[in-house]
Each structure stands twice: as C-alpha cells, then as structure tokens.
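A note on names: the letters A, B, ... follow the listed sequences, proteins ahead of strands, and every chain is numbered from 1.
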Number of protein chains: 2
Amino acid sequence: MNLKDLSQKLGLSPTTVSRALNGYPEVNEETRAKVVTAAKKYNYKPNARAIRLATGRAMAVGHVIPIETRHEIVNPIFADFIAGAGENYAKAGYDLILSIVPDGDEARVYREMKSRGNVDGVIVHSPKHDDHRIQLLHELGLPFVVHGRATGAELPYSWVDVNNRRAFQRATEFLLDLGHRRIALVNGLEFMDFAIRRRDGYLGALHGRGIAADPALMHSIEMTEGLGYQIVRNLLALPEPPTALLLSSMIIALGARRAIVERGLTLGRDISVIIHDDDLSYMKNGEDVPIFTATRSSVREAGRIAAGMLLETIANPAPSCTNRLLEAELIIGQSTGPLPLRS
Amino acid sequence: MNLKDLSQKLGLSPTTVSRALNGYPEVNEETRAKVVTAAKKYNYKPNARAIRLATGRAMAVGHVIPIETRHEIVNPIFADFIAGAGENYAKAGYDLILSIVPDGDEARVYREMKSRGNVDGVIVHSPKHDDHRIQLLHELGLPFVVHGRATGAELPYSWVDVNNRRAFQRATEFLLDLGHRRIALVNGLEFMDFAIRRRDGYLGALHGRGIAADPALMHSIEMTEGLGYQIVRNLLALPEPPTALLLSSMIIALGARRAIVERGLTLGRDISVIIHDDDLSYMKNGEDVPIFTATRSSVREAGRIAAGMLLETIANPAPSCTNRLLEAELIIGQSTGPLPLRS
DNA sequence: TGAAGTTCCCAAAGCGGTTTGAGAAAGAGA
DNA sequence: TCTCTTTCTCAAACCGCTTTGGGAACTTCA
C-alpha cells in the first residue's frame with residue numbers, strides 16, 4: 001500500500017493525501033479526517049526510502065564508534081550512551097546508524113557518510129586530545145555533537161561533557177581531607193581527552209595542598225579489569241604503597257578490588273578507593289548503598305542530551321554551538337576511610 | 001557531484017556511467033576505465049537515498065535490542081556482538097540500524113520496519129522461551145536471524161547459538177568429578193531461552209549422577225553485579241551452603257566474588273566457581289591465565305556469523321534456513337578445586 | 001454584478017539513481 | 001552489396017514520495 005494506491009481508494013490526488021497526512025493547512029479538516037482514517041485502515045506507512053529521496057534528508061544520525069585496534073576493545077559505556085540517545089531519536093522518527101570503525105579510520109567513514117548522504121548528522125565518541133575529527137566535520141559541513149571535548153580544537157563546536165577535572169579534583173581533595181598523602185591515580189589512556197582532564201584535576205588538588213605528585217603512583221591504562229588488577233597489584237607491592245586509589249572506571253575498580261583482596265587488605269579500612277562511576281545499567285555501584293565512593297554522572301543522561309542537541313542542530317542549522325557541562329556528584333560509599341595508623 | 005553532473009563532464013549518458021560503475025558487461029572496457037577514473041577524480045559517490053529508492057533495497061540491517069523495562073538494563077553483550085556483526089555489514093556496504101526498544105514493544109518496531117522499508121532484514125536478540133517474534137517475522141516476510149533459539153517456535157528459522165545445555169552440563173559434571181555435591185546455579189532470568197537450556201544442562205548432569213536438585217540452590221536473576229552479590233551472600237549463609245557455584249555470566253561472578261571474599265573464603269579452595277564467559281573485549285577472564293574456570297564462547301564471533309547468515313539470506317532469499325550451534329570450550333582456571341574437607 | 005480574496009484540491013516536476021527497450025555503429029557472413 | 005549479429009550507448013520510464021505553481025469553486029466586498 002503506497003501513496004498512489006491510497007489516494008486512488010480515496011478518490012483524491014496523491015498531493016492532497018500527502019498534505020493531509022503531514023498536517024499541511026491547505027486541506028479541509030473533513031478531508032484530512034477521511035484520509036487519516038483510511039491510512040489507518042489500510043495500514044499505510046510512507047516508504048522511508050522515498051521520503052528520504054524526496055526531502056533530501058536522511059532521517060538518520062550516525063554514531064561512529066572507534067574500536068581500539070590492538071585489543072579490539074569496544075568501550076562498554078556505549079551501550080548505555082546509545083540507549084539514552086536512542087530514546088530521543090525514536091521520538092523524532094530518526095534512525096540510529098551505528099558504525100564500528102577501527103581506530104584512525106574514522107575520517108574515511110565521515111567523508112563517506114557525507115557524500116553518500118545516509119545520515120544528517122553524527123555523534124563523535126571518545127574525542128582524543130586535539131582531535132582532528134572536529135576540524136574535518138566542520139569542513140564537511142556535517143552537523144555533529146561531541147560526547148566529551150577535544151582540547152586544542154580552534155573552532156567552536158557543540159559538546160556534552162562531564163566536568164572531569166572538577167570531579168577528580170574533588171575526589172582527590174576528599175582523600176586529602178581524610179589524611180591520605182600517597183594517592184595513586186589509575187587513569188584511562190591519556191591521549192583521551194577525558195583522561196587528561198582527570199589527571200589535571202588530580203594534579204590540581206595535590207598542587208593546591210603543596211604535595212608533589214609521585215610519577216610512580218600515576219598510571220594510564222586501557223580500562224579493563226585485568227589491567228586494573230595488574231596495576232593495583234604492582235602499586236600495593238611498592239616499598240611505600242599508596243594508601244588511597246583514584247580509579248577512572250568501575251571496571252578498573254573490579255580488578256583493583258581483586259588485587260586488594262588478594263593482598264589481604266580491606267577496602268575502606270586499609271586502603272581507600274574512589275572511582276568514577278558512569279552509572280551503567282548493568283554495572284551499578286550498589287543497588288541501595290553505594291559500594292565505592294564515587295564521582296557519578298550518568299552516561300545515559302549524557303546520551304539523551306547529546307541526541308537532543310544533535311537533532312536541534314539538524315532541524316535548525318544555525319552557526320551557533322551549544323555546550324553542556326555536567327557536574328558529577330560525589331557519592332560517599334564504603335570504600336573510603338581515614339588514613340590508617342602505621343602498622 | 002551527482003550522476004548527471006558526472007555524465008555531462010564525460011559526455012556520456014547517465015545510463016552508461018551508472019552501468020560502467022556498477023560493473024555491467026555491456027560497456028566498453030575503455031569507456032569504463034574513463035568513467036572510473038573520472039569518478040575518483042571528482043570524488044563521486046552515488047547518493048545512498050537514491051540508490052535505495054531505485055533498487056528497492058534498504059541496504060541496511062536492523063538490530064532490535066530490547067531494554068529490560070523495570071531496571072532499564074541493556075545487556076552488555078550487545079556491544080561485542082554488534083562489533084562482530086558490524087565487520088560483515090561494512091564489507092557488504094550495509095548500514096547497521098540500531099533500535100533500542102522497551103521490552104514487549106518489539107512487535108510494533110518490526111512491523112514498522114517492514115512497512116517503512118528502512119531495513120532489509122533484522123537480527124533478533126535475546127529470544128525468550130516460545131518467542132512470538134519469530135512467528136511475526138515469518139508473517140511479515142522480513143528476513144531474520146536469531147541470536148539464540150526459541151524453543152517452541154513451530155516454523156523453522158535461522159539461528160546462531162551456543163550449545164548452552166551441553167556447556168552447563170559439562171561444567172556441572174566437572175564439578176561433580178571434583179567431588180562437589182552441593183552445586184548452586186545462579187542463572188539468568190529463566191524466561192530467556194538460553195537460561196532455560198543452561199538449567200536443563202545443569203539438571204541433566206545432576207540427574208545423570210542420581211543427585212536430586214535442591215531448589216534452594218537454584219536461582220534465576222537479572223545478570224548484574226549487585227544481584228550476583230546478594231544471591232551468593234545468601235547462599236553462603238545457608239546452614240548447608242553450596243561448595244560450588246555455577247554462574248551464568250562474568251558480571252554475576254564479579255558480585256559473587258565480592259560475597260565470597262567478604263565471607264573470608266578463598267576462591268578455588270574453599271569454594272569452586274565456574275562461569276559462562278562470553279569473551280567480552282572489556283571484561284576478559286584474565287589476560288593470560290584465566291581467572292575463572294569457564295565455559296567460553298565468543299559473542300563477537302557469534303555476531304560475525306549471524307551477520308553473515310543474514311546477508312546471505314537477504315541476497316538469496318531461499319526458503320531454507322541455516323543453523324549454527326557453537327560449542328563452548330571449557331577453560332580451566334583458578335576458581336575450581338576439589339571438594340574441601342569438612343572444616 | 002463584477003472584482004478580489006479564500007479555500008481546497010490537483011497536475012506535474014522534481015529528488016538521484018537504476019533498468020528497460022531500442023537504436024546506431026561496427027563487424028561477419030552470404 | 002546486403003543482411004544479420006554483436007557491441008556499445010542512450011532516451012525514457014520508474015522507484016514513491018514531496019513540493020511548486022496553478023486553478024476551480026465559493027465568499028466577500030464594493
């Protein structure tokens with residue numbers, strides 16, 4: 001059942017039927033009612049392919065997700081981010097096109113999306129420091145919103161980000177207030193923009209109290225359970241081990257906990273841990289009582305916001321940019337405590 | 001730059017240019033070469049929207065991912081499954097359209113995909129026991145491949161699945177061989193098909209040794225860390241606690257480990273644990289040495305296979321069905337050991 | 001009564017490709 | 001030389017919708 005069939009059944013022209021269904025004012029309300037009920041009756045749904053060609057809009061947004069090449073790791077936060085974003089797309093009648101692309105091959109994909117015209121805009125995931133993709137998308141004229149920021153981009157652009165710097169500064173200060181002085185940082189890979197900001201927050205807090213950062217306590221890893229375990233095990237084996245850990249993700253924390261337990265230490269008593277919690281649906285930081293003290297910010301909410309911004313940009317391609325800086329809340333859990341007395 | 005422009009520059013008709021680029025035989029090789037180089041020079045990429053309308057193919061595959069409504073949980077295996085599937089789609093020039101839909105609302109989405117024609121086929125995720133979606137997709141005539149199976153569907157259909165029953169039977173037998181008799185099962189929700197099969201495998205192994213299943217040791221939960229923790233904590237607090245655990249996912253296992261450690265027990269010595277490991281990229285079961293003894297099967301590989309099957313079905317819509325049953329390997333890790341002597 | 005608006009609907013031209021059916025040019029066979 | 005193929009190219013139709021530019025019928029106003 002297509003527009004032509006339907007219009008014939010109604011004894012109207014395709015034009016009128018199309019206008020009636022799309023809410024144009026130049027059609028009699030009585031006629032419109034007839035058309036609408038007929039459309040429902042015959043279960044008429046306009047062909048998406050035809051609409052796209054006729055309107056020149058793809059009615060789709062692209063999410064280009066880089067996959068870490070060496071270990072082929074897909075960042076697990078994507079599932080929740082996309083779940084949030086998807087809600088908005090569905091409401092607006094947009095499709096979500098997912099493209100999982102090896103690290104460094106994204107430029108090609110963006111160019112192709114632009115020239116083939118199968119998306120109206122894209123969400124940029126996992127921005128690196130000084131990310132070249134922003135420049136490219138500007139040149140291509142493809143609307144986009146960045147999840148995160150890319151320090152160093154000279155042109156303005158739209159983004160949604162967590163205040164990573166402040167979150168890690170606060171977390172560090174919280175540990176300092178508890179008396180900790182040897183605080184280790186287990187960060188994500190520090191060519192990622194978020195990781196740089198977190199390190200800055202950590203260093204800022206230490207500096208504010210006149211404490212020198214110890215490079216032996218600062219690590220930058222891919223955020224997996226296994227690496228979290230290894231790094232923390234090494235840290236605990238140091239002659240002067242840290243008394244507190246600042247961990248960039250829940251998954252690192254799971255490995256860290258394994259290392260801590262293995263060494264016979266008790267979380268929150270022998271050693272304090274603060275994590276950053278993206279509030280992933282399948283990996284909650286405790287159901288009622290938080291397990292870890294954490295800086296929390298829902299990545300799903302970020303997805304919702306980013307999608308909303310992108311749809312807005314597509315609908316109204318003004319040259320202006322919107323930014324949204326989300327503050328992480330500091331959740332006090334059971335994994336932090338005062339500096340233990342020397343044993 | 002569109003087909004018309006390009007053909008004018010070449011002094012050829014759009015027909016010839018189109019045919020040259022699409023490899024039709026009725027065009028002179030010399031002409032074809034000219035066309036191809038010109039296309040490259042002017043960076044001509046055919047408009048995806050026009051191709052779709054003209055050919056009647058959407059050049060896209062839909063993944064409808066149900067979101068558990070109460071807790072809004074997105075199954076974390078999707079990220080890896082889709083990463084695997086995406087490789088195949090990219091090669092074939094297909095887009096991957098992701099649709100995250102509240103539990104139970106999938107039927108509407110499938111119908112809409114069919115009538116709007118924005119996909120050529122779909123992958124069915126998370127089949128339930130006697131899943132109605134299979135019947136629906138048959139009626140709609142939309143090509144599909146199921147990741148998993150749905151016991152009770154009367155018509156044949158294509159699927160890729162792990163041999164869940166055998167995996168859990170082997171795992172249970174392995175524990176029995178180690179002398180364990182009180183083996184607990186912490187399964188996924190048992191309206192999910194995979195969970196039913198796993199339970200059957202577990203029960204089959206017990207039955208094979210003449211051991212009665214104890215309902216107090218069998219649990220069915222949403223697979224989260226938090227619930228894994230709660231259930232295992234309760235199990236360990238029983239007057240006669242289990243000496244071994246069979247866990248349906250790595251994430252449950254993380255919670256289980258927390259409960260075990262909290263109780264002061266040592267994994268693999270005081271209590272044995274076997275998990276099912278989907279080999280998620282960000283949640284490996286140990287880098288070199290496996291942490292948990294596990295039945296392992298790569299969900300990413302399953303994604304690759306499912307995508308390949310679907311593309312095949314779309315290209316060649318024969319009435320036949322393909323099935324692929326993947327055997328999980330049993331990985332011996334450090335989390336299992338012989339039944340400890342009575343303390 | 002005639003002119004000027006309104007209101008409602010339609011024919012036709014698009015969007016940018018693919019595909020059909022046919023024709024011109026070149027080569028082969030008689 | 002003429003006819004029949006084969007080879008290559010093209011004009012035009014088509015995919016299913018939107019959108020432009022009228023135009024008929026009906027009001028309103030002078």
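- Note on B/Arg57 versus B/Asp120: no salt bridge recorded, every NZ/NE/NH1/NH2 to OD/OE distance being 4.0 Å or above.
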Would you tabulate the pairs of protein nitrogen or oxygen atoms and nucleotide nitrogen or oxygen atoms of nucleotides 19-23 of chain D closer than 3.5 angstrom?
from: D/dT19; atom 1: OP2; to: A/Tyr24; atom 2: OH; distance (Å): 2.6
from: D/dT19; atom 1: O4; to: A/Thr15; atom 2: OG1; distance (Å): 3.2

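- Judged as a salt bridge (charged side-chain N to carboxylate O under 4.0 Å, His left out), the pairs with a partner in residues 69-80 of chain B (not counting sequence neighbours) are, in order, A/Arg300-B/Glu72, B/Glu68-B/Arg70, B/Arg70-B/Glu222, B/Asp80-B/Arg300.
- When heavy atoms are screened at a 4.0 angstrom cut-off, A/Ile51 is found touching the sugar-phosphate backbone but no base atom.
- Between the CG atom of A/Asp5 and the C1' atom of D/dC15 there is a distance of 13 Å, given to the nearest Å.
- Rounded to whole Å, atom P of C/dC9 lies 11 Å from atom CG of A/Leu10.
- In this structure, B/Leu53 places its CG atom 12 Å from P of C/dG16, rounding to the nearest Å.
- Look at CE on B/Met59: it is 14 Å from C1' on C/dG17, rounded to the nearest Å.
- Atom pair A/Met1:CE and D/dC17:P shows a separation of 10 Å (rounding to whole Å applied).
- Annotation: proximity of residues 27-46 of chain B to DNA chain C (heavy atom, distance under 4.0 Å) is found for B/Tyr44, B/Pro46, numbered in ascending order.
- For B/His125, the side-chain hydrogen bond (donor to acceptor under 3.5 Å, both in side chains) criterion is met by B/His63, not counting sequence neighbours.
- By the ring pair (Phe, Tyr, Trp, His ring centres under 6.0 Å) test, B/His138 is found to be paired with B/Phe144, residues two or more places apart in sequence or in another chain being considered.
- Atom CZ of B/Arg116 and atom C1' of D/dG16 are 14 Å apart (whole Å).
- In this structure, B/Gly11 reaches the sugar-phosphate backbone alone: every heavy-atom distance under 4.0 Å involves primed, P, OP1 or OP2 atoms, never a base.
- When all heavy atoms of B/Leu142 and B/Lys114 are compared, the pair lying nearest together is CD1-CD, 4.1 Å.
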Let me check something: any side-chain donor-acceptor pairs from residues 303-318 of chain B under 3.5 Å, sequence neighbours excluded? List them with distances.
from: B/Arg304; atom 1: NE; to: B/Glu301; atom 2: OE1; distance (Å): 2.9
from: B/Arg304; atom 1: NH1; to: B/Glu87; atom 2: OE1; distance (Å): 3.0
from: B/Arg304; atom 1: NH1; to: B/Glu87; atom 2: OE2; distance (Å): 3.0
from: B/Arg304; atom 1: NH2; to: B/Glu301; atom 2: OE1; distance (Å): 3.0
from: B/Thr313; atom 1: OG1; to: B/Met309; atom 2: O; distance (Å): 2.8

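- Taking B/His147 as the reference, nothing meets the side-chain hydrogen bond (donor to acceptor under 3.5 Å, both in side chains) condition, with sequence neighbours excluded.
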For residues 23-36 of chain B, dump all side-chain donor-acceptor pairs below 3.5 Å to protein atoms at least two apart in sequence or in another chain.
from: B/Asn28; atom 1: OD1; to: B/Glu30; atom 2: N; distance (Å): 3.0
from: B/Glu29; atom 1: OE1; to: B/Arg32; atom 2: NE; distance (Å): 3.3
from: B/Glu29; atom 1: OE2; to: B/Arg32; atom 2: NE; distance (Å): 3.3
from: B/Glu29; atom 1: OE2; to: B/Arg32; atom 2: NH2; distance (Å): 3.4
from: B/Arg32; atom 1: NH1; to: B/Ala20; atom 2: O; distance (Å): 2.9
from: B/Arg32; atom 1: NH2; to: B/Tyr24; atom 2: O; distance (Å): 2.7

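- Within the 4.0 Å cut-off from OP1 or OP2 of C/dC10, at least one side-chain nitrogen or oxygen of A/Thr16 is found.
- In terms of the side-chain hydrogen bond (donor to acceptor under 3.5 Å, both in side chains) criterion, residue partners of A/Asn118 (sequence neighbours excluded) are, by chain and number, B/Asp95.
- Rounded to a whole Å, the CG atom of A/Leu3 is 17 Å from the P atom of D/dC14.
- Residue B/Asn2 contributes atom CG, which lies 7 Å from atom C1' of C/dG16 at whole-angstrom precision.
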